[in-house]
Amino acid sequence: MIEIPELERIAVLIDSDNTKMAKLDAVINEISAYGRIVVKRAYGNWKKEVLKNWEPTIKELAIKAEQ
């Protein structure tokens, strides 16, 4: 019987007010090399004008937006 190693479970918590959206995809890809991402959340004040353009990216990457 072949034994499959269990992957580490990883939670990714993002401080959206202090993160560059353009780097998000690359960061998620790099982190996923170390295990299975089971939680992806981005925290920020989503009423701020500067975070309004994050919506398509967080939907594409299946990240839950938290106020």
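Note that this is a predicted model, so its numbers are computed, not measured.
Of all non-hydrogen atoms in Ala65 and Ile58, the two that sit nearest each other are CB-CD1, 3.6 Å.
In this structure the side chain of Trp54 never reaches within 4.5 angstrom of the side chain of Thr57, judged on heavy atoms. Using a 4.5 Å heavy-atom cutoff, the side chains of Arg36 and Ile10 are not in contact.
Without hydrogens or angle criteria, Glu66 side chain to Arg41 main chain gives no donor-acceptor distance under 3.5 Å. Lys40 contributes no side-chain N or O that, together with a main-chain N or O of Lys64, makes up a donor-acceptor pair within less than 3.5 Å.
Counting non-hydrogen atoms of other residues, nucleotides and ligands closer than 6.0 Å to CD of Gln67 gives a total above 12.
Annotation: the span from Glu55 atom CD to Trp46 atom CH2 amounts to 9.5 Å, rounded to 0.5 Å.
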Pairs of donor and acceptor atoms involving the side chains of residues 15-32, under 3.5 Å and at least two apart or interchain, shall be tabulated with distances.
residue	atom	partner	partner atom	Å
Asp15	OD1	Asp17	N	3.3
Asp15	OD2	Asn18	ND2	2.7
Ser16	OG	Tyr43	O	3.3
Thr19	OG1	Asp15	O	2.6
Asn29	ND2	Asp25	O	3.3
Glu30	OE2	Tyr34	OH	3.4
Ser32	OG	Ile28	O	3.4
Ser32	OG	Asn29	O	2.8

